[in-house]
Amino acid sequence: MAEKTLAAVKTGPATTELREFELPDVPADAALLKMEVAGVCGTDVSQYKLPLRGAPLIMGHENVGYLAKVGRAFERHKGFTEGDLVFLEHYLPCGHCEWDHAGEYRHCAATEWFYDPTAIRYGYTSIAIAPSLWGGFSHYVYLPLNAVVHRVPAGLSPEEAGIATPMSNGIQWTVIDGGVGPGSTVLIQGPGQQGLCCAMAASAAGAECVIVTGTSRDARRIAVARQLGADEVIDVQQEDARERVLAITGGRGVDVVIDCTSGAGREPVLLGIEAAKRRGATMVIQSEGNATFADFPIGRLTRKGMTLKSARGHSYRAVELALSHLASRRFPLEFLTTHRFGLADVDYAIRSVGGDGAPGAIHVSVLPWQ
Ligand SMILES: [Zn+2]
Ligand SMILES: [Zn+2]
């Protein structure tokens, strides 16, 4: 009889149940990851509420674990062997398009789960696609040959390595896309795990001034921001954020604006345009779902010669930089890793990230074997 394994399965909007699966055979060109830590982020909060698209699924897209079974072709092709501690990217690229050769797997058409029901992405893929183990809220995750794995540097715990996803986004958006470097002034809006990772990235890149904004509800996170690279913090409900940014920068405005808010509507974009320096600033933004923007001040944007970029995940290189940044321990990571839950508490873990569960959550980990 086949060995059984356990996973937390999303069976409907905001509904999870534990289910048993058969542990799949591992062919020569595949591997099995024994999960240690699955990070939970704001995307989980928004995805969890949505109706199923077809069959149930195992969520969990920020995954760290030990390679438990490794096929010979997988080992030869990937250079990993049984017992290696790895961070798994959530993209499963086709492997031969222009984006994949550049390490920009997030742009590969094969990872567009939103438009293509056959596309596989860890944490987003239905259990109807064999062998079902496509998410990290599970004892095991299945890795085909096109899985993208990174070695976790020595000295980094699995839980700390679980920060690699927001940290790689932070490096991608702040340093690679935003162009933050020595002497930069940076406004980071939103002090969640993503904003805090952007603050660390900006500070580590040599930024002269890192400003992090939040609301009064974020008091704890704003305090943590100071530990993780922020030079100045602003409570946008207590202070005029634009005035403060201009005062901090001697009336000049910032070089780079990063939007890491969620559910804040158009305000962060409007503030970003006003807080940007007179000419040539860059603003990296994300949007939620099908958001539209009435009366977008495009004239103001073009008059200031601003560059607008989209925050869209991370490249292979950003993940490698994130792992080495975390391993450097430049910042006290224990301020970030606030909560950990077992497999039976996945629902509560996701709600905690959404501010509707355990208080004070910043980075939340699911430890599937607990
Ligand atoms: Zn995430
Ligand atoms: Zn591709």
Side-chain angles (χ1 to χ4, degrees), residues 8 10 35 37-50 57-65 87-116 118-125 134-138 141 144-148 150 159-173 190 192-198 201 259-263 286-289 310-316 318-319 322-323 326 336-339 341 346 349-355 361-366:
K10 175 185 165 185
M35 284 297 300
V37 171
V40 185
C41 80
T43 303
D44 292 307
V45 177
S46 46
Q47 289 293 320
Y48 190 41
K49 296 174 189 152
L50 300 180
L57 75 153
I58 305 169
M59 292 176 63
H61 61 275
E62 307 189 354
N63 300 320
V64 176
F87 170 77
L88 171 68
E89 292 200 33
H90 61 302
Y91 313 118
L92 266 181
C94 76
H96 46 74
C97 71
E98 58 180 317
W99 298 112
D100 299 342
H101 286 299
E104 307 275 358
Y105 305 117
R106 64 199 185 284
H107 300 318
C108 170
T111 74
E112 287 276 25
W113 65 278
F114 196 80
Y115 304 103
D116 177 358
T118 65
I120 296 177
R121 207 181 250 218
Y122 288 107
Y124 298 81
T125 300
W134 302 114
F137 300 153
S138 170
V141 169
L145 195 59
N146 54 337
V148 181
H150 299 256
E159 187 182 11
E160 290 164 341
I163 307 170
T165 300
M167 193 66 228
S168 59
N169 290 341
I171 289 172
Q172 182 74 45
W173 305 352
Q193 54 175 286
Q194 193 53 74
L196 295 172
C197 286
C198 287
D259 173 21
C260 296
T261 58
S262 98
Q286 44 182 349
S287 94
E288 289 148 58
S310 306
R312 290 277 89 195
H314 50 258
S315 59
Y316 183 90
V319 176
L323 287 166
L326 294 169
L336 266 181
T337 51
T338 54
H339 291 69
F341 298 100
V346 161
I350 297 173
R351 284 194 287 117
S352 297
V353 173
I362 298 181
H363 187 266
V364 171
S365 295
V366 169

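In this chain, residues are counted from 1 in sequence order. As the structure lists them, so they are numbered: ligands from 1, and atoms in each ligand from 1. Heavy atoms only: backbone and side chains are in, while hydrogens, waters and symmetry mates are out.
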Please round to the nearest 0.5 Å and tell me the distance separating atom CZ of R121 and atom CH2 of W134.
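Between R121 CZ and W134 CH2, I get 14.5 Å after rounding to 0.5 Å.
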Could you tell me whether a side-chain N or O of [X] sits under 3.5 Å from a main-chain N or O of [Y], the two making a donor and an acceptor?
| X | Y | result |
| --- | --- | --- |
| Q194 | C260 | no |
| Q286 | D259 | yes |
| T111 | C108 | yes |

Indicate, with yes or no, if the rings of Y91 and H107 have centres closer together than 6.0 Å.
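Y91 vs H107: aromatic centres not under 6.0 Å.
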Under 2.8 Å from the Zn ion (ligand 2) - protein N/O/S, by chain and number:
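Within the sphere that stays under 2.8 Å of the Zn ion (ligand 2), the protein atoms of type N, O or S are C94 SG, C97 SG, D100 OD2, C108 SG.
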Measuring to the Zn ion (ligand 1), does C41 have an N/O/S atom at a distance below 2.8 Å?
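Checking the Zn ion (ligand 1) against C41, an N, O or S atom does fall under 2.8 Å.
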Evaluation steps, side chain to side chain donor-acceptor pair (under 3.5 Å), between E62 and H90:
CA-CA 7 Å; E62 307 189 354; H90 61 302; over 6 Å; no
Taking the Zn ion (ligand 1) as the vertex, what is the angle from OE2 of E62 to NE2 of H61, given to 10 degrees?
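If I round to 10°, I get 110°.
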Fit a plane to each ring of H61 and Y124, take the angle between them on a 0 to 90° scale, and name the class: parallel (under 30°), tilted (30 to 60°) or perpendicular (over 60°).
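Tilted, since the angle between the ring planes falls between 30° and 60°.
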